[in-house]
Protein chains: 2
Amino acid sequence: MLEFAVLGLLADAPMHGYELRKRLGGLLGGLRAFSYGSLYPTLRRMQAAGWITETGSGVAPPTSGLRPKRARVVYQLTAQGKEHFADLLADASPPSWADDRFDVHLAFFARTSAEVRLRILQGRRRRVADRRDGMRASLGRARERLDRYTRELAEHGLESADREVRWLDELIAGEQADTSSEAARPAMGPQPQPHHP
Amino acid sequence: MLEFAVLGLLADAPMHGYELRKRLGGLLGGLRAFSYGSLYPTLRRMQAAGWITETGSGVAPPTSGLRPKRARVVYQLTAQGKEHFADLLADASPPSWADDRFDVHLAFFARTSAEVRLRILQGRRRRVADRRDGMRASLGRARERLDRYTRELAEHGLESADREVRWLDELIAGEQADTSSEAARPAMGPQPQPHHP
DNA sequence: GTTAGCATGTAAGGAGTTACATGATTTT
DNA sequence: AAAATCATGTAACTCCTTACATGCTAAC
């Protein structure tokens, strides 16, 4: 998780730890901020694994000509690191459909092949739809026995799952529209998602 | 988390581990299923802490008069356990607003005091609204620079947060309606939530 | 010159998972 | 008698957090 995200950020540009943490927390749009207590050890492990190296070429410690005892450490991807990142990007196996993993995958979708994108979206859709169906079923069975709060919780959960499925359907439709125009399939618009009802 | 949920389930009725796991996963309406690898050690810890005891009074191992070597172990709350559960129910401090904790709290809201319910809902609302505002701000700043997928992720996250806030507002309004009718406040309907804009 | 923010790190521990191992009971 | 499901448990591990400790740089 953290590793994957770090690889993706360093694939854009070399960076030091503090900067990585800020980007993880803030902009990426939904990814949470990891603590330094997990970030720095992770950077160590990744360096030991040969995926990243320290580099002197980063931005120098601002102003002051003096070399500080403890300068910031800028990391960049190695060739192996790039390869490993590419492998992770190409992975469309069930673990990529898990909540956290999926978000990271999506954040790096621009660098993911169209084929893998589609498979991840479909896998994710299946998973969320299954959960939704399970929720719907158990709500249907138990609705009367549930107190107001438990029912509210269950209904809100169900609705969220439902919304996510519809959102995924839109993304999938978008992918298929792109693919069919790229692959020049004669005259087929975006096909409707085969709902397994 | 697990401890809290187990206490709540055992407060209803004595149960053995397998049963606990089923209830956690299925019905409760949004709570996830924990693995046995965490459930059984947790039961041990709780027993050592004096919150639960094994009991012979549970349902006997079905059919067969013979005492099996390895019978199922039915647990029930001790007096200390009940007290501890009550303490947890009454806790409305920030940690209760975290995603997982909040769900468990809500599932046991029927046994929570009206005052604590309101404080937890308001705390949760503040937390989610803050996250939403942060998302909205960084989306506003960066929307143009974001690729399609990152933007979709961010927008879906924002919308989910927004929906949760509105849901919480409804729950809060419901609480206040109850309170004001119970406390017989002269003629005030459910007051609108003081949006901190 | 002190506070705030930038920057890096370690140690201990929390809260769970997976994989494995075993055995009892019920159903087919 | 085989397969499914009920039932309990352990060992090793993953992944992250909190709390602490340190020091540099910029701003007030």
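Protein chains get the first letters and strands the later ones, always in sequence-line order, with residue 1 at the start of each.
Among the heavy atoms of the strands lying under 4.0 Å from Tyr36(B) is at least one base atom, whether or not backbone atoms are also near. Nucleic acid contact for Gly17(A): sugar-phosphate only, since backbone atoms but no base atoms lie under 4.0 Å from a heavy atom of the residue.
The CG atom of Leu39(B) sits 15 Å away from the P atom of dA15(C) (whole-angstrom rounding). When the P atom of dA7(C) is taken as reference, atom CZ of Arg23(A) falls 12 Å away, rounded to whole Å. The separation between Glu19(B) atom CD and dT5(D) atom P is 17 Å, rounded to whole Å. Look at CG on Asp100(B): it is 11 Å from P on dA15(C), rounded to the nearest Å. Whole-Å rounding puts the Arg21(A) CZ to dG9(C) C1' distance at 14 Å. To the nearest angstrom, C1' of dA7(C) lies 11 Å from NZ of Lys22(A). Separating the OH atom of Tyr40(B) from the P atom of dT17(C) is a distance of 14 Å, rounded to the nearest angstrom. One interatomic measurement links the two molecules: CZ of Phe34(A) to P of dG9(C), which rounds to 19 Å at whole-angstrom precision.
Each of dG9(C), dT17(C), dA7(D) was ranked by its minimum atom distance to the side chain of Val73(A); first place goes to dG9(C). Among dG9(D), dT8(C), dG16(C), the nucleotide with an atom closest to any side-chain atom of His16(A) is dT8(C). Checked against dT8(C), dA7(D), dT17(C), the side chain of Ser35(B) finds its nearest nucleotide in dT17(C). The side chain of Tyr18(B) sits closest to dT8(D) out of dT8(C), dT17(D), dT8(D).
Under a 3.5 Å cut-off, the side chain of Arg119(A) and the backbone N or O of Ser93(A) do not form any donor-acceptor pair. Looking only at distances, a side-chain donor or acceptor of Thr42(B) sits under 3.5 Å from a matching main-chain atom of Ser38(B).
Note on Ser38(A): a side-chain N or O is less than 4.0 Å away from OP1 or OP2 of dT17(D). Under 4.0 angstrom from either OP1 or OP2 of dA15(C) there lies no side-chain N or O belonging to Arg45(B). Neither OP1 nor OP2 of dC6(C) sits under 4.0 Å from any side-chain N or O of Arg72(A).
Residue Phe4(B) holds its CZ atom at 10.5 Å from CG of Asp87(B), rounded to the nearest 0.5 Å.
When side chains are defined from C-beta on, Tyr75(B) counts as touching Leu10(B), because their heavy atoms get closer than 4.5 Å.
Salt bridge Glu164(B)/Arg132(B): absent, no basic N to carboxylate O contact under 4.0 Å.
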